[in-house]
Amino acid sequence: MRVSHFPIFTLKDTPADAEVISHKLMIRSGMIRKLSSGQYSWLPLGLRVIKKIEDIIRIELEKIGCSEILMPSVQPSELWQESGRWDQYGPELLRFTDRHQRDFCLGPTFEEVITDLIRKDVSSYKQLPINLFQISTKFRDEIRPRFGVMRAREFIMKDAYSFHANQQSLDEAYEVYKTAYNNIFKNLMLDFTVVDADSGNIGGNESNEFHVIADTGEDDLLLDDQLKGMNIEIAKVKYGEDDLEALIKKTNLTHKKGIEVGHIFKLGQKYSETMKAKVTTKDSKTVDMFMGCYGIGVTRIVAAAIEQLHDDKGIKWPASITPFNTVIIEIDGHKNSDVRAYCESVYESFIEKDIETIYDDRDANLGKKIKDWELIGIPNIVIIGKNESNNNTVIFKKRSSESKSEMDINNLLDEIIS
RNA sequence: CGGGGUGUAGCGCAGCUUGGUAGCGCGGCUGGUUUGGGACCAGUAGGUCGUAGGUUCGAAUCCUAUCACCCCGACCA
């Protein structure tokens, strides 16, 4: 892409209403803009990061036999009445009425809809297990949205659901998802941990949370050397102790801050029972299906990655989810046609190698361009001016390092690809 | 919902205490010189001071109400 065709919107000043670093950097680097409290528009740069995360998730889920679907966000109240959550869920469930005075809500989660979907088409144990997921916008009328997209009212979540004829099948699937989630977060190239957790009002009897480790995280975790452990809430119950310091002593675990980005649950028969989602078993009996549900906060991962990987200049994207792999910064290309032509040819050679490249062809001086791309956090920075054009070389600088070096293009391509 | 805070130009802010009709920096636009780490010079546009009401000869400034936004708490991917 060329910047002339891929608008970037960077800011020098931090907007006054941003508090945490990821929020500040997302606004300044032009990834998002606020519409109203807890609601953000995603600009081209930010959306590319979302797509990267979604693709990593898709690949791992498809590997374990989970197929993608898409369900409506506007959900009829009847289903929520049936599960009992119309009354239980509380004001976080945004409710409204259509022109026929029929009640609806904006889906904060999709157990009701998917259970309804499955019960209509599945009647035999032979059709099970079934694994489905969607990546879609969820809405929760949060008491207090905050920290930008970290806790937004409208956000993108991947939610997967599994249906089984018996507990054993669910147990097996749960472990498969756990492994897949580990792979997803490994592939995202973020420091993370999985902990035992409370299943909250989703229901069920076993659950694990996946956390991105970050000093600015909101959740307290107690972890061992292997980064395994438990959420503080679980620890409190388990050890009968409310004080954090006392718990650390008692458990001999390390205290870390985490940002919850994934949560998996064994729902069991909670929804299938109330919503009468049954199948016939091998011995001709009927049984309520066993369910699991598995969530990942896609938009929250964007913020969590930034919380974990940044410096005073801006974001430092891991290769896995960077909006672009490489930026080519042109010096004086608007006046120097040799430089322009040379930049174009270097750009083409990057594109030929399938390196995701953004070519900064703006009429601006070097300092401004470098500041912008360091803020945005592109891992590889290539600088080209008249010297490089004459020498048939480029200047190469990594986002993670201060040093620059003049390089032959082919050598650079090899280095970036490796 | 309880506690705290902020609304003045696209962004960051000053002005408010002590009323006299709005200013600075960045950004934008035009022209020129520039472009090797956020350039310089000259010019220029842009604000019913969140909204409504009140006090006053006169309100950004004082009073009342209201809305929005942010932070702390309860809740959560």
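Letters go in sequence order (proteins before strands), and every chain restarts at 1. The analysis underlying the following values was restricted to heavy atoms, covering all of them including side chains, and did not include hydrogens, waters or symmetry mates. The model shown is predicted, which means the values in this text are computed figures rather than measured ones.
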Exercise. Listed in order of residue number, which residues of residues 66-74 of chain A have a non-hydrogen atom at under 4.0 Å from RNA chain B?
Worked result: none
Exercise. Using a heavy-atom distance cut-off of less than 4.0 Å, which residues of residues 369-377 of chain A contact RNA chain B?
Worked result: A:I370, A:K371, A:D372, A:E374
Could you check whether [X] gets within reach of a base, just the sugar-phosphate, or nothing at all, counting any heavy atom under 4.0 Å?
| X | result |
| --- | --- |
| A:N336 | nothing |
| A:E142 | base |
| A:E330 | nothing |
| A:I156 | nothing |
| A:G262 | sugar-phosphate |
| A:L11 | nothing |
| A:K313 | nothing |
| A:A152 | base |
| A:R28 | base |

For this session: Determine whether any donor atom in the side chain of A:R140 lies under 3.5 Å from an acceptor atom in the base of B:rC76, or the reverse, and answer yes or no.
Result: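 Absent.
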Seminar exercise, completed: Under a 4.0 Å heavy-atom criterion, the protein footprint on nucleotides 66-72 of chain B, written with B, S and -, is ---SSBB
Seminar exercise, completed: Under a 4.0 Å heavy-atom criterion, the protein footprint on nucleotides 27-35 of chain B, written with B, S and -, is -------BB
Problem set entry | Pairs touching residues 325-349 of chain A that satisfy ring pair (Phe, Tyr, Trp, His ring centres under 6.0 Å), sequence neighbours left out |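 For residues 325-349 of chain A, and leaving out neighbouring residues, the ring pair (Phe, Tyr, Trp, His ring centres under 6.0 Å) pairs sorted by first residue read A:Y347-A:Y359.
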If you measure from the [atom1] atom in [N] to the same atom in [M], how many Å do you get, rounded?
| N | M | atom1 | value |
| --- | --- | --- | --- |
| B:rC63 | B:rA59 | C1' | 11 Å |
| B:rC24 | B:rG36 | C1' | 32 Å |
| B:rU51 | B:rC67 | C1' | 7 Å |
| B:rC62 | B:rA77 | P | 45 Å |
| B:rU55 | B:rU61 | P | 15 Å |
| B:rG46 | B:rG23 | C1' | 14 Å |

Problem set entry | Side-chain heavy-atom pair A:Q101, A:D98 within 4.5 angstrom cut-off |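 Result no, sub-4.5 Å side-chain heavy-atom pair not found.
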Exercise. Does some side-chain heavy atom of A:F147 sit less than 4.5 Å from a side-chain heavy atom of A:S22?
Worked result: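 Side-chain contact under 4.5 Å: no.
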Between [options], which nucleotide has the shortest distance from any of its atoms to the side chain of [X]?
| X | options | value |
| --- | --- | --- |
| A:K404 | B:rC11, B:rA77, B:rG37 | B:rG37 |
| A:P15 | B:rG36, B:rC11, B:rC1 | B:rC11 |
| A:K386 | B:rA77, B:rC76, B:rG36 | B:rG36 |

Exercise. Above 12 or not: heavy atoms from other molecules or residues under 6.0 Å from CG of A:D215?
Worked result: no
Problem set entry | Charged N-O contact under 4.0 Å between A:R85 and A:E111 | yes
Identify all side-chain donor-acceptor contacts of residues 9-21 of chain A below 3.5 Å with residues at least two apart in sequence or on another chain.
{"unit_1": "A:T10", "atom_1": "OG1", "unit_2": "A:D372", "atom_2": "OD1", "d": "2.8"}
{"unit_1": "A:T10", "atom_1": "OG1", "unit_2": "A:D372", "atom_2": "OD2", "d": "3.4"}
{"unit_1": "A:D17", "atom_1": "OD2", "unit_2": "A:K34", "atom_2": "NZ", "d": "2.7"}

